[in-house]
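One structure is given here, and the rest of the page talks about it.
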Amino acid sequence: MATPDLVALFAKVTVDQDEALLGNRIARFNRLYGVMAEIADELKARDGDQRSALLSLFEYPNMQVRLQAAKLTLAVAPVEARRQLEAIASSKWFPQAGDAGMCLSFLDDGTFKPK
């Protein structure tokens with residue numbers, strides 16, 4: 001799959017995650033999380049670490065897409081990704097705002113180190 005196709009699939013999978021999360025379908029969310037992780041791993045393994053292609057999703061209308069894109073680009077674009085996480089946390093759009101805030105806390109205290 002070409003990188004733009006993987007980015008489009010990433011967006012679709014994370015929109016589906018949002019729907020599963022809001023519908024309290026945790027098993028479905030977990031399966032979709034695994035698919036998202038596989039996409040991120042494939043992008044990371046490509047020449048030059050293509051996770052930076054996910055930066056294009058920072059303006060996506062769905063907050064879950066933006067959240068996951070930000071978390072997965074922290075290693076390749078830390079300033080931009082952090083800015084996105086701060087915006088999501090400030091938005092008070094839950095549950096993503098809480099997830100973003102927790103991620104920022106873990107970054108700040110060293111618990112989470114992007115790879």
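If you're wondering where the values come from, they're calculated on a predicted model, not measured in any experiment.
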The remaining residues in the hydrophobic cluster of V79, counting side-chain heavy-atom contacts under 4.5 Å among Ile, Leu, Val, Met, Phe, Trp and Tyr, are none

Hydrophobic clusters join Ile, Leu, Val, Met, Phe, Trp and Tyr when side-chain heavy atoms are under 4.5 Å apart, directly or via other members; which others share one with L21?
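L21 shares its hydrophobic cluster with M1, L6, V7, L9, F10, V13, V15, F29, L32, Y33, V35, M36, I39, L43, L54, L57, Y60, V65, L72.
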
Could you tell me which non-hydrogen atom of [X] sits nearest to which non-hydrogen atom of [Y], and how far apart they are?
X   : Y    : result
A81 : A70  : CB-O, 3.3 Å
T73 : A69  : OG1-O, 2.9 Å
A75 : P114 : N-CB, 3.7 Å

Determine, stepwise, if the pair E19 / R25 fulfils side chain to side chain contact (heavy atoms under 4.5 Å, CB included).
CA-CA 8 Å; E19 292 169 3; R25 295 182 310 235; 4.1 Å; yes

Just to verify, which of Q84, R83, R82 counts as forming a side-chain hydrogen bond (donor to acceptor under 3.5 Å, both in side chains) with E86?
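Single side-chain hydrogen bond (donor to acceptor under 3.5 Å, both in side chains) partner of E86 among Q84, R83, R82: R82.
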
Rounded distance [0.5 Å steps], [atom1] in [X] versus [atom2] in [Y]:
X    : Y    : atom1 : atom2 : value
T111 : M102 : OG1   : CE    : 10.5 Å
R51  : T3   : CZ    : OG1   : 13.0 Å
R31  : Q17  : CZ    : CD    : 12.0 Å
F94  : M63  : CZ    : CE    : 10.5 Å
N30  : R28  : CG    : CZ    : 11.5 Å
S105 : D109 : OG    : CG    : 7.0 Å

Using only atom types and a distance under 3.5 Å, with no angle test, would you say the side chain of S90 pairs donor to acceptor with the backbone of A87?
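No, the answer is negative, given that no donor and acceptor are paired below the 3.5 Å cut-off.
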
Would the distance check show the side chain of Q50 and the main-chain N or O of D47 forming a donor-acceptor pair, the cut-off being under 3.5 Å?
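It does hold such a pair.
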
Linking I/L/V/M/F/W/Y whenever their side-chain heavy atoms sit closer than 4.5 Å, directly or via other members, would L107 and F58 fall into one cluster?
no

Charged N-O contact under 4.0 Å between D18 and R66:
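No.
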
For A100, what residues pass the side-chain contact (heavy atoms from CB on, under 4.5 Å) criterion, not counting sequence neighbours?
L67, L85, I88, A89

